[in-house]
Amino acid sequence: MPKMSGGEALVRSLAAHDVEVVFGIPGTHNLGIYAHLGIQHVSPRHEQGAGFAADGYARATGKPGICITTSGPGILNAATAAAQAYSDSVPVLLISPGPPLDHPGRWVGMLHEVRDQSAAMEAVTAGSHRVHSVEEIPLAVAQAFAEMSSGRPRPRHLEIPYDLLDEVADTQIVAPIPVSPSVPDPTAAAALLRSARRPGIIVGGGARGAAAELMALATRLAAPALATANGKGILPEDHEYSLGAGLHHPAAAEFIADCDVVLAVGTELAPADLWNGPFTFTGKLIRIDIDPAQVVTNAQPGIPLVGDAAPTMAAIAGMLDSRADLERAATWRARIAIEAASEGAAWSPLVDALTETLGRDGILAGDSAMACYYGAYSNLPRYMPGSFLYPTGLGTLGYGLPAAIGAKLGRKTARVAALHGDGGFMFSAPELAAAAALGLPIAVIVVDNGGYGRSGGK
């Protein structure tokens, strides 16, 4: 086996998993990684920005985003981005040095020392793993990638004791672990959908990799499809069975109550999506989700299907006869569009300009701002997965610009814009320097409602 340092073993393992770009900031304890980093490196101006950029890259490309920080304050600065990625089921691998192997396990006052750094990241990710040898690093990377590509794709943290980064040992790089998607028995779901007179679909971010299968199923079933923020664009919003995005509109709730069968795919049906309380399912509910716990959370389905969205929908569609009901879809689409337009009226000129400028394959990275969740969310049409990046569940501020940087690096030919409120923009304004240094043509729009200009809160 070849001899290599821990830092080299990490970089070579990332390369073996086809990592093309990493986001991070060098610091005292991670220089052993940077000494071997031949992969493109992007340095945002804050570790939180690095985490958001990795998140934006992952959403835009469907591949895991990589964030490298130093220990202590570096990785803790990225914790908010990790929590946002967890909330929205985004695969991000955060890598940081940790205390040395011989750390006594109690506070001794080392540089960047945190009482329990790995436990802190365990609390905001799907798991934090601390390696104990150079030889273990390639295996830990392969395991992290396998975990992010099977089951629910949530972020993970890898901690490498900083003395291992320079330690040399005989080390074997571990090849990517093949993952096969699971497909549950679709027979009962297909039979119920065949009998439906007024079917409907709710599509969430868990269907990001199933755009073609969703379109085929919605068309064959003649089922209008309503999207969450993370599901926006998976079914092109000019498709004849698309109702657009926005589960919070009263007309959306009325549509769901009118359906005799609802198929919910890759969605939590979470309060952060619904806003106004849970849906009333007067008909039968079928749920498809890769997460066996989530498939029964927030709404109990009559038929739970635990499996990958793409092959599961394909299997269901293959058991259905084709039908058509364009009038029903058009009626509900018009009702929801009226409510969306009224809600977003204050931002309609901006949304119209973005619609024209971004085109069909453009990407909008939005912040948690009214211009996004009232304006763009339901009114800006999107036509492909990963084209509307929005921090839904956690609702962080400062997400838009760094996420746009990651998205632009992941999809270089797409037009990319970041949309902020004036308050949220101040959280990540320094990332303008990162975008400028990279020469990235990103449009940054800041909507100023004057809130920060009011003296004394008056």
Side-chain angles (χ1 to χ4, degrees), residues 17-24 39-42 44 49-67 81-82 84-94 145 148-149 153-155 203-212 227-237 245 266 354 357-368 372 376-377 380-393 396 398-420 428 431 434-435 438-445:
H17 286 80
D18 297 322
V19 172
E20 298 173 336
V21 60
V22 299
F23 303 89
I39 300 168
Q40 181 186 4
H41 174 262
V42 173
F52 284 152
D55 176 299
Y57 176 91
R59 296 193 201 213
T61 65
K63 299 187 294 185
I66 311 299
C67 175
Q84 182 62 66
Y86 183 92
S87 179
D88 284 349
S89 301
V90 180
V92 174
L93 178 59
L94 299 104
F145 273 82
M148 289 188 294
S149 59
R154 279 175 156 162
V203 55
R208 278 183 289 234
T228 68
N230 286 332
K232 185 176 174 69
I234 296 176
L235 183 66
E237 292 189 320
L354 282 168
T357 302
L358 289 176
R360 291 193 68 83
D361 68 341
I363 300 171
L364 180 70
D367 210 41
S368 188
C372 296
Y377 175 19
L380 176 73
R382 293 293 83 216
Y383 307 99
M384 58 189 303
S387 57
F388 184 75
L389 316 184
Y390 178 70
T392 306
T396 52
Y399 174 85
L401 175 54
I405 291 172
K408 184 63 178 177
L409 289 165
R411 285 179 38 199
K412 295 179 175 60
T413 61
R415 292 184 176 184
V416 177
L419 179 59
H420 281 267
S428 57
E431 302 306 349
L438 292 163
L440 296 179
I442 295 173
V444 182
I445 301 103

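Note that the numbering runs from 1 along the sequence shown for the chain.
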Taking atom [atom1] of [X] and atom [atom2] of [Y], what is their separation to the nearest 0.5 Å?
X    : Y    : atom1 : atom2 : result
S149 : H17  : OG    : NE2   : 8.0 Å
L438 : Q40  : CG    : CD    : 7.5 Å
R415 : R360 : CZ    : CZ    : 14.5 Å
L401 : I445 : CG    : CD1   : 10.5 Å
Y390 : T228 : OH    : OG1   : 12.0 Å
T392 : Q84  : OG1   : CD    : 7.0 Å

Spell out, as yes or no, whether a donor-acceptor pair under 3.5 Å connects the side chain of [X] to the backbone of [Y].
X    : Y    : answer
K232 : R382 : no
R411 : D361 : yes
H41  : G24  : yes
R208 : N230 : no
D88  : G393 : yes
Y57  : L409 : no

Query raised in the report: Which residues satisfy the side chain to side chain contact (heavy atoms under 4.5 Å, CB included) test with A50, sequence neighbours excluded?
Result: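 Partners of A50 under the side chain to side chain contact (heavy atoms under 4.5 Å, CB included) test: F23, P44, C67.
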
[X] versus [Y], closest heavy-atom pair with distance:
X    : Y    : value
Y399 : D367 : N-OD1, 2.6 Å
M148 : L93  : CE-CB, 3.9 Å
S387 : G362 : CB-O, 3.4 Å
G56  : L389 : O-CD1, 3.9 Å
I234 : A211 : O-CB, 3.5 Å
T396 : S368 : O-CB, 3.4 Å

Report task. Decide yes or no on side chain to side chain contact (heavy atoms under 4.5 Å, CB included) for L358 and L380, but give the supporting numbers first. Result -> CA-CA 10 Å; L358 289 176; L380 176 73; 4.3 Å; yes

Query raised in the report: Could you walk me through whether V19 and F145 pass the side chain to side chain contact (heavy atoms under 4.5 Å, CB included) check?
Result: CA-CA 11 Å; V19 172; F145 273 82; 3.7 Å; yes

Query raised in the report: So S428 and F52, side chain to side chain contact (heavy atoms under 4.5 Å, CB included) or not? Walk me through it.
Result: CA-CA 10 Å; S428 57; F52 284 152; over 6 Å; no

Query raised in the report: What pairs with R154 under salt bridge (Lys or Arg N to Asp or Glu O under 4.0 Å), at least two apart in sequence or on another chain?
Result: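 Partners of R154 by the salt bridge (Lys or Arg N to Asp or Glu O under 4.0 Å) criterion, ordered by chain and then number, come out as E268.
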
